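Remember, predicted model here, so these are calculated numbers, not experimental data.
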Amino acid sequence: MAALERAVGKGYVMFGFIRPVKPELRVKEADRFQQVYCGLCHAIRARYGRFYTFFLSYDMTFFALVAGCDQTETAPPCKKRCDAHPLTRRACAQSDAALELAADVSVLLSYHKLEDSRADETGPKRLLAALLCRLGRRGYEKARARLPDADGEMVAALADLQQLEREQCASMDRAADASARMTAAVVPHTGDARERVLRQMFYHIGRWVYLLDAAQDVKEDMEQGSYNPVVLRYELRTPDLTEIKQPLERTLERSLADICMAYDLLDARRDADLIRNIIFLGMPLATRQVLDGTYQTNGGRGKHGSL
């Protein structure tokens, strides 16, 4: 898992900032989040095999929750074994249209990030990314066939982002816009008000994730000489964010406000309280932790997938 994470690298792909605040969840809501996480893993495996289950994330679990929040009923969980828990059957959400869509989107985003890493990295990281692209190509072709419009939008947005990186663009807004268009592309074209609301929501989620990731990676990117719009915009000479914390926080809060407004317009039915916890509590908490330097992947736990 660690090798895969290093190969995927940093950037636009959602990878862990979007998670609930567990102490504020009811037991049934915490269980539901874990069930959807496990259900998404099984959906990815059923549709694409084991390879892409290694890229499973809380962020795509959130997408599955939002994609199905217009439903009025929740099917009872089923119990299944998996590679991580071969001896015991664990409760997981039953497969439905939302989980299948989230599985397809997860494959598209993961593959495009691998391609981006193959283009940007050097040495062993580039070789590993190239190997992973080769292993994941068949699954990507299947996902692209299922979501051709989304894939086309992602390819165009990624090309724009790569051009900005080559130019060493110092505009955080332009770089974040290219990333945000990739996450907005995950919303299917339905031509109704719900599509417009969801695209607004996921555009700003992508913008928030990109800028928060850039803030998180300032030290590493400065050491490696990698592109980072936060470093360029504020002309940082050290990785200390103290002097730019307030303006950076205001920028992030603007996207959080738009995400909250979009959610209020969504009229969520299923998993409404769980989604609200993530948006109104979890994302602001992740923002504060990153800017304070206290953020830890997966809450500091070594076991991926456990709240």
Side-chain angles (χ1 to χ4, degrees), residues 1 13-46 52-85 88-106 109-110 183 186 198 201-202 205 208-209 212 256 259-260 262-263 266-287 289 295-307:
M1 177 63 75
V13 171
M14 300 189 286
F15 58 90
F17 289 137
I18 305 174
R19 61 191 187 198
V21 178
K22 187 176 181 180
E24 300 297 329
L25 290 176
R26 290 175 290 182
V27 173
K28 67 177 184 179
E29 292 167 349
D31 289 345
R32 170 67 175 164
F33 186 85
Q34 190 67 52
Q35 290 162 11
V36 174
Y37 180 91
C38 292
L40 177 56
C41 184
H42 282 284
I44 294 172
R45 178 176 171 180
Y52 278 105
T53 63
F54 288 104
F55 302 94
L56 180 66
S57 69
Y58 289 150
D59 308 73
M60 293 313 302
T61 304
F62 169 77
F63 174 73
L65 289 166
V66 174
C69 73
D70 59 329
Q71 302 299 310
T72 56
E73 296 183 359
T74 303
C78 56
K79 288 193 173 183
K80 294 182 179 180
R81 292 185 177 89
C82 65
D83 293 341
H85 305 91
T88 59
R89 296 195 304 165
R90 292 169 61 89
C92 66
Q94 293 190 40
S95 183
D96 59 11
L99 282 174
E100 290 175 353
L101 175 62
D104 298 340
V105 167
S106 179
L109 287 172
S110 297
T183 51
V186 306
L198 286 174
M201 176 186 288
F202 280 97
I205 286 173
W208 174 81
V209 167
L212 194 64
L256 288 177
I259 294 165
C260 293
Y263 174 75
L266 195 56
D267 189 27
R269 298 182 180 91
R270 190 172 76 179
D271 301 313
D273 291 339
L274 176 53
I275 297 170
R276 178 173 286 275
N277 175 290
I278 295 170
I279 291 174
F280 286 83
L281 299 178
M283 295 172 72
L285 177 61
T287 301
Q289 289 176 336
Y295 179 82
Q296 293 180 297
T297 303
N298 198 28
R301 296 171 177 81
K303 184 178 179 182
H304 184 66
S306 174
L307 284 176

Hey, what do you get for [atom1] ([X]) to [atom2] ([Y]), rounding to the nearest 0.5 Å?
X   : Y   : atom1 : atom2 : result
S95 : H42 : OG    : NE2   : 11.0 Å
K22 : F33 : NZ    : CZ    : 11.0 Å
F17 : D59 : CZ    : CG    : 8.5 Å
D83 : F54 : CG    : CZ    : 7.5 Å
C38 : L56 : SG    : CG    : 8.5 Å

Check your understanding: Stepwise, does the side chain to side chain contact (heavy atoms under 4.5 Å, CB included) test hold for I205 with I18?
Key -> CA-CA 9 Å; I205 286 173; I18 305 174; 3.6 Å; yes

- Is the F202 ring parallel, tilted or perpendicular to the F63 ring (thresholds 30°, 60°)?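 F202 vs F63 ring planes: perpendicular.
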
Is there any side chain to side chain donor-acceptor pair (under 3.5 Å) pair reaching into residues 60-80, and which pairs are they, with sequence neighbours excluded?
->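 Found none.
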
What is the minimum heavy-atom distance between [X] and [Y], and which atoms define it?
X    : Y    : value
A102 : L40  : CB-CD1, 3.7 Å
F62  : I275 : CE1-CG2, 4.0 Å
Q94  : C78  : CG-SG, 4.0 Å
G39  : C92  : N-CB, 3.7 Å
S106 : I44  : OG-CD1, 3.9 Å
M201 : I259 : O-CG1, 3.9 Å

Quiz prompt | Note: R32-D273 ion pair, threshold 4.0 Å (strictly below) | solution = no

- Mind running side chain to side chain contact (heavy atoms under 4.5 Å, CB included) on L274 and V36 for me, showing each step along the way? CA-CA 12 Å; L274 176 53; V36 174; over 6 Å; no

query: Do I278 and Y58 have side chains that get closer than 4.5 Å, going by heavy atoms?
result: no

Quick one: does V186's side chain get under 4.5 Å of L109's, heavy atoms only?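 Yes, side chains in contact.
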
Dump the intermediate steps for side chain to side chain contact (heavy atoms under 4.5 Å, CB included) on V66 and L266, then the final yes or no.
CA-CA 9 Å; V66 174; L266 195 56; 4.1 Å; yes

From the list L25, I279, L285, side-chain contact (heavy atoms from CB on, under 4.5 Å) with P20 holds only for L25

Exercise for review: Indicate yes or no for a side-chain donor-acceptor contact from Y263 to the backbone of A272 under 3.5 Å, with no hydrogens or angles considered.
Suggested key: yes

TODO: Assess whether side chain to side chain contact (heavy atoms under 4.5 Å, CB included) is satisfied between D271 and C69, documenting all intermediate values.
DONE: CA-CA 6 Å; D271 301 313; C69 73; 5.6 Å; no

